[in-house]
Amino acid sequence: MSEKAKGPDNHPNLLDLLTELTVQARQSVSTWEEAADQVGKLLVDAGTVEQHYIDAMKQVFRDMGAYAVIAPGIVLLHARPEDGVIEPTFGMVTLATPVPFGHPDNDPVDIVLAFGAVDKQAHITALQQLAKLLMDPAAVERIRTASDDQELVSVIRSLNSGSEPTSGSLESL
Amino acid sequence: MRIVTLCGMGFGTSLMLKMFLEEILKDLNVQAEIIPWDLGSFKGGGQVDIIVAPKDMESFLKETDASVVLLENLIDKEHITERIKPVLIEKGALSMD
């Protein structure tokens, strides 16, 4: 990653992480495990996590419970830095047909997000930007309906362009 | 006022919850220290007034003396505001109106 692609404190921005390499639209999967495999493979192929990170994400999801389905239709998967994260990374896969993840209120899921953190700091700018994006129902709807990878990347780019981290500073953690 | 946001590992959800809570409390004009924490190292007690956590962590929070706010939706500001307001009022950090 080039220096100019980094945000405050050298933290990468969401836009530099959610790219053609790590975003896929309208994929077909039949189980939550396949959905996790799909988004995990994007991160592996981008060279940002090791292969075993995918299994670690699935194991964390099984261990920790379904709360990773953070809102109706949206899951945010991740494991620990020591599970094979090479550099801070985010991926997104939207599903043609939603699949259940076992959450009592927020199933089924059609926006599958994954990230890898190297510590509790470097992914924070991107995480904040992602949270801002997901807070906006109109933005989520545009993500949901993007028909191919290129359109999905464009949508993310248009939604998040110029967005700065909020004043509430997670940086100080 | 000390508020803990809780998640499984302390890398994702608890950080996002902290961010939303900071915005909500600022709007409500409530001062609080917000600390993201992971379930593994959180022992439930100490100097914590309010714990904000995903709903399916309820079973881990039976022992705590702090007030517990459980959320189904972790990114909906209105939902979070609605849930935390009564607790802030109960704690005297916010008036009824």
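Proteins get letters first, then strands, A, B, ... in listed order; numbering begins at 1 in each.
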Which residue pairs satisfy the ring-ring contact (aromatic ring centres under 6.0 Å, His included) criterion with at least one member in residues 108-158 of chain A, sequence neighbours excluded? H78(A)-F115(A), F90(A)-F115(A), F115(A)-H123(A)
Can you list every ring-ring contact (aromatic ring centres under 6.0 Å, His included) pair that touches residues 48-90 of chain B, not counting sequence neighbours? none
Who else is in V29(A)'s hydrophobic cluster (ILVMFWY, side-chain heavy atoms under 4.5 Å, direct or via others)? W32(A), V39(A), L42(A), L43(A), V44(A), V49(A), Y53(A), I54(A), M57(A), F61(A), V69(A), V75(A), L77(A), V85(A), V93(A), L95(A), V99(A), F101(A), V109(A), V112(A), V118(A)
With a 4.0 Å cut-off on N to O distance, would you call E82(B) and K77(B) a salt bridge? no
May I ask you to say whether K18(B) pairs ionically with E22(B), meaning some side-chain N is under 4.0 Å from a carboxylate O? yes
So, the part of D76(B) with a heavy atom under 4.5 Å from chain A: the answer is neither
If every non-hydrogen atom of [X] is compared with every non-hydrogen atom of [Y], which pair is closest and at what distance?
X      : Y      : value
Q31(B) : M1(B)  : O-CB, 3.7 Å
I3(B)  : L21(B) : CG2-CD1, 3.9 Å
K62(B) : S59(B) : CG-O, 3.5 Å

Chain B heavy atoms under 4.5 Å from [X]: which part of the residue, side chain, backbone, both or neither?
X      : answer
A71(A) : both
L76(A) : side chain
D63(A) : neither
A66(A) : both

Those residues of residues 19-26 of chain A that come under 4.5 Å of chain B on a heavy-atom basis, listed by number, are none
Would one find more than 12 heavy atoms of other residues, nucleotides or ligands at under 6.0 Å from atom CG of N29(B)? no
Ranking N73(B), L71(B), L39(B), T13(B) by heavy-atom pairs under 4.5 Å to chain A gives rank one to N73(B)
If you count heavy-atom pairs within less than 4.5 Å of chain B, which of M135(A), M64(A), R80(A) leads? M135(A)
